[in-house]
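A note on names: the letters A, B, ... follow the listed sequences, proteins ahead of strands, and every chain is numbered from 1.
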Amino acid sequence: MPELPEVETIVRELNEAHVVGKKILKAEVFWNRTVATPEVSKFLQLIENQKILKITRQGKYIVFHLFEGFLLVHLRMTGKFLLSMPSNHERVRIYLEDGQVLHYADQRKFGRFSLVKTLDAIDHIGVDPFSKDFTFESFKALLNAHSRQIKPFLLDQKHICGLGNIYVDEALWEAKIDPQRFSNTLSHEQMHDLFHAIPKVLEKGIENLGTSLGTHRSNYFNVSGKRGGNQYKLNVFRRDKEPCPRCGHIIIKLKVAQRGTHVCPNCQY
DNA sequence: AGCTCGACCCGGACGC
DNA sequence: TGCGTCCGGGTCGAGC
């Protein structure tokens, strides 16, 4: 499931693949609801002949900076960009001026494209953990401002953006924090540890080119269709019934805020 | 403000 | 083997 490291890997790859600087000749949409805004006919018309100036990431959004406006893409669960033809589930196809074709495949159809004039649409998302605005003081203030379980707090993109289920579990394990603890009850030291754990687990994910769970197609793949390697480096996520890499205690799985959650009951309680 | 549920989707996993 | 059902994952909106 694409979270910050997977999206970052994709953005880097798109940049390396010389998609930047190319003009979009035309697009095709095979599943209309993939385009959130504007309506598909307008979308196709507006995107034509637009030059891609640069591609960046904001939280889990891929931002294509066009000559006029921005194409925002959120991959949600199973969205992926591929430079070679996907075997199935293709929802959008973008033809570039040099013969390159960017395919967007999305088995579960949750991903969304928005063609917008300004970046107002993603104003609501919180600080990126790799931004210089992500400081310990601001993080501590955020935690103290909310009385909420730490796991759903970290999953809520309006506070801090980029974390999903995998990396939240990893960060909380790293900082030895119970996912059910309330954000404003953490000790100063725990807040400090968590502040450092978040970029740490995300950086590790990026270094390993993302997490590709399981063996099947619906999983995360990068632009050239390769799997990431971070699934082999996870400490707790989907490792229930296995020993904790830190203390050897058996990792358990529970539900926190309706989400599958993995913890070491020895380190984290 | 924060919680919970349902919706959006599909196919892998599981039970029989 | 084949069928039916459940589940998960990110996000949003509704109702409490």
Within less than 4.0 Å of OP1 or OP2 of [N], is there a side-chain N or O belonging to [X]?
X        : N      : answer
A/Lys109 : B/dC8  : no
A/His124 : C/dT11 : no
A/Arg112 : B/dC8  : no
A/His89  : B/dC10 : no

Could you go through residues 61-75 of chain A and list every donor-acceptor pair under 3.5 Å that involves a side-chain atom there, pairing it with any protein atom two or more places apart or in another chain?
| unit_1 | atom_1 | unit_2 | atom_2 | d |
| --- | --- | --- | --- | --- |
| A/His65 | NE2 | A/Thr56 | OG1 | 2.8 |
| A/His74 | ND1 | A/Arg76 | N | 2.9 |

In whole angstroms, how far is the [atom2] atom of [N] from the [atom1] atom of [X]?
X        : N      : atom1 : atom2 : result
A/Leu75  : B/dC9  : CG    : P     : 17 Å
A/Ile125 : C/dT11 : CD1   : P     : 9 Å
A/Arg76  : B/dC9  : CZ    : C1'   : 11 Å
A/Met77  : B/dG12 : CE    : C1'   : 13 Å
A/His262 : C/dG8  : NE2   : P     : 9 Å
A/Phe182 : B/dG2  : CZ    : P     : 10 Å
A/Gln107 : B/dG12 : CD    : P     : 7 Å
A/Asp106 : B/dG11 : CG    : C1'   : 13 Å

- prompt: Can you find an N or O donor on one side and an acceptor on the other, under 3.5 Å apart, linking the side chain of A/Arg108 with the base of C/dG8?
  reply: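 Side chain to base: pair present.
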message: Heavy atoms within less than 4.0 Å of DNA chain C: which residues of residues 154-166 of chain A have one? Give them sorted by number.
response: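 Result for residues 154-166 of chain A: A/Gln157, A/Gly164, A/Asn165, sorted by number.
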task: Fit a plane to each ring of A/Phe195 and A/Phe136, take the angle between them on a 0 to 90° scale, and name the class: parallel (under 30°), tilted (30 to 60°) or perpendicular (over 60°).
output: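 Plane angle over 60°, so perpendicular.
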field: Polar side chain donor-acceptor pair, A/Glu39 to A/Ser41, under 3.5 angstrom
entry: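 There is such a pair (donor and acceptor under 3.5 Å, judged by atom type) between the side chains of A/Glu39 and A/Ser41.
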Under 3.5 Å, which protein N or O atoms sit close to an N or O of nucleotides 14-16 of chain C? Give each pair with its distance.
none

query: Which part of the nucleic acid, if any, lies within reach of A/Phe237 when heavy atoms closer than 4.0 Å are counted: base, sugar-phosphate only, or nothing?
result: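 It contacts sugar-phosphate atoms only.
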- request: Kindly state each residue pair satisfying side chain to side chain donor-acceptor pair (under 3.5 Å) with at least one member in residues 153-163 of chain A, sequence neighbours excluded.
  value: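 Residue pairs passing side chain to side chain donor-acceptor pair (under 3.5 Å), neighbours aside: A/Arg148-A/Asp156, A/Asp156-A/Lys158.
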Listed by chain and number, what are the ring-ring contact (aromatic ring centres under 6.0 Å, His included) partners of [X], not counting sequence neighbours?
X        : value
A/Phe237 : A/His262
A/His196 : A/His192
A/His124 : none

- prompt: Side chain of A/His146: nearest nucleotide among C/dG8, B/dC8, B/dG2?
  reply: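 When the side chain of A/His146 is considered, B/dG2 is the closest of C/dG8, B/dC8, B/dG2.
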field: Among C/dG8, B/dC9, C/dC12, the one nearest A/Lys255 by side-chain distance
entry: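 Nearest listed nucleotide: C/dG8.
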- prompt: Taking the side chain as C-beta and beyond, is there a heavy-atom pair between A/Glu13 and A/Leu83 under 4.5 Å?
  reply: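 A side-chain contact under 4.5 Å is absent here.
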message: Once side chain to side chain donor-acceptor pair (under 3.5 Å) is applied, do any residues pair with A/Glu189, and if so which ones, sequence neighbours excluded?
response: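 Applying side chain to side chain donor-acceptor pair (under 3.5 Å) to A/Glu189 gives none.
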message: Would you say A/Ile177 ends up clustered with A/Ile251 if hydrophobic residues are merged whenever their side chains have heavy atoms under 4.5 Å apart, either directly or through other cluster members?
response: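 A/Ile251 does not cluster with A/Ile177.
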Single-linkage hydrophobic cluster, 4.5 Å side-chain cutoff, A/Leu96 and A/Phe81 together: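 Linked, A/Leu96 and A/Phe81 end up in one cluster.
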query: Could you give the angle between the helix axes at the two ends of the helix from B/dG2-C/dC16 to B/dC16-C/dG2, with five pairs per end, rounded to 10 degrees?
result: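 So the angle between the two local helix axes works out to 50°.
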field: Partners passing salt bridge (Lys or Arg N to Asp or Glu O under 4.0 Å) against A/Glu242 (at least two apart in sequence or in another chain)
entry: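 A/Arg239.
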task: For A/Asn49 and A/Lys23, run side-chain contact (heavy atoms from CB on, under 4.5 Å): C-alpha distance rounded to whole Å, both residues' side-chain angles, the deciding distance at 0.1 Å, then the answer.
output: CA-CA 6 Å; A/Asn49 291 319; A/Lys23 198 197 283 181; 3.8 Å; yes
Restricting to nitrogen or oxygen on both sides, can you table the protein-nucleotides 4-6 of chain B pairs closer than 3.5 Å?
none

- prompt: Quick one: do A/Lys176 and A/Asp193 make a salt bridge, cutoff under 4.0 Å?
  reply: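 Here A/Lys176 does not pair with A/Asp193 in a salt bridge, since their nearest N and O are not under 4.0 Å apart.
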side-chain contact (heavy atoms from CB on, under 4.5 Å) partners for A/Asp106, two or more places apart: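 Applying side-chain contact (heavy atoms from CB on, under 4.5 Å) to A/Asp106 gives A/Thr78, A/Arg91, A/Tyr104.
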